[in-house]
Amino acid sequence: MNAFTWSSRAGDDRVCPAAYGLTMVDSRLVARPLRGLARRVQDWSVASQQQARRNAMVATTACAQRRIERQDVDDYLDARAVPTVPAIPAAPEEPTRPTAGRASHA
């Protein structure tokens with residue numbers, strides 16, 4: 001067997017068409033790599049979707065943990081806060097007006 005021959009299933013040695021300068025393509029030789037390529041493309045889309053779902057679950061968990069931590073901090077600060085009593089507003093003062101008949105003490 002040389003570089004331009006291959007063995008078939010029947011056991012006979014066939015001469016490769018390229019040895020004669022022919023460009024005949026055996027459909028079986030092309031179908032195998034294409035089938036493998038199609039399988040890899042399909043597997044990639046499934047794997048990509050699964051990875052995206054895992055990323056989304058991790059992000060959701062992280063957001064939930066941050067929300068819980070913020071709530072804990074708010075609860076702690078609310079518990080430590082000094083309650084403020086609203087100030088009672090003072091009654092408005094009436095302006096003093098000089099009255100007639102009274103002398104001012106100047």
Side-chain angles (χ1 to χ4, degrees):
M1 187 180 299
N2 62 30
F4 294 110
T5 62
W6 70 88
S7 293
S8 68
R9 289 185 183 151
D12 61 334
D13 288 339
R14 295 184 181 179
V15 177
C16 176
Y20 298 109
L22 301 175
T23 57
M24 186 172 83
V25 177
D26 187 1
S27 63
R28 289 176 295 168
L29 294 176
V30 173
R32 267 187 226 132
L34 290 179
R35 196 172 328 136
L37 178 63
R39 182 174 292 126
R40 284 192 299 267
V41 168
Q42 183 180 5
D43 292 346
W44 169 83
S45 65
V46 171
S48 177
Q49 176 66 22
Q50 289 172 345
Q51 184 64 43
R53 290 174 62 196
R54 281 191 291 271
N55 290 346
M57 286 190 288
V58 168
T60 301
T61 302
C63 287
Q65 287 174 341
R66 287 190 199 119
R67 185 176 58 246
I68 290 169
E69 288 174 6
R70 279 195 308 270
Q71 186 62 44
D72 286 345
V73 169
D74 285 343
D75 292 345
Y76 175 78
L77 292 176
D78 288 344
R80 301 274 303 167
V82 177
T84 56
V85 178
I88 300 173
E93 293 183 24
E94 292 187 30
T96 56
R97 295 184 190 164
T99 56
R102 288 196 178 167
S104 64
H105 298 98

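Each residue takes its place number in the sequence, starting with 1. What's counted below: heavy atoms across the whole structure, side chains too, no hydrogens, waters or symmetry copies.
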query = Can Arg54 and Gln51 be counted as having a side-chain donor-acceptor contact under 3.5 angstrom?
reply =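 Indeed, the side chains of Arg54 and Gln51 share at least one donor-acceptor pair under 3.5 Å.
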
Below 3.5 Å, can you tabulate the donor-acceptor pairs from side chains in residues 69-83 to any protein atom, sequence neighbours excluded?
unit_1, atom_1, unit_2, atom_2, d
Gln71, NE2, Asp75, OD1, 3.0

task = Just jot down the side-chain contact (heavy atoms from CB on, under 4.5 Å) partners of Gln49, sequence neighbours excluded, or say none.
result =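 In terms of side-chain contact (heavy atoms from CB on, under 4.5 Å), with neighbours along the sequence ignored, Gln49 is linked to Arg53.
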
inquiry  = To the nearest 0.5 Å, what is the distance between CD on Gln65 and OG1 on Thr60?
reply    =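 With rounding to 0.5 Å, CD (Gln65) is 11.0 Å from OG1 (Thr60).
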
request  = Using modelled atom types only, decide if a donor and an acceptor are shared between the side chain of Ser48 and the backbone of Trp44 within a distance under 3.5 Å.
outcome  =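 Side chain of Ser48 to backbone of Trp44: no pair is present.
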
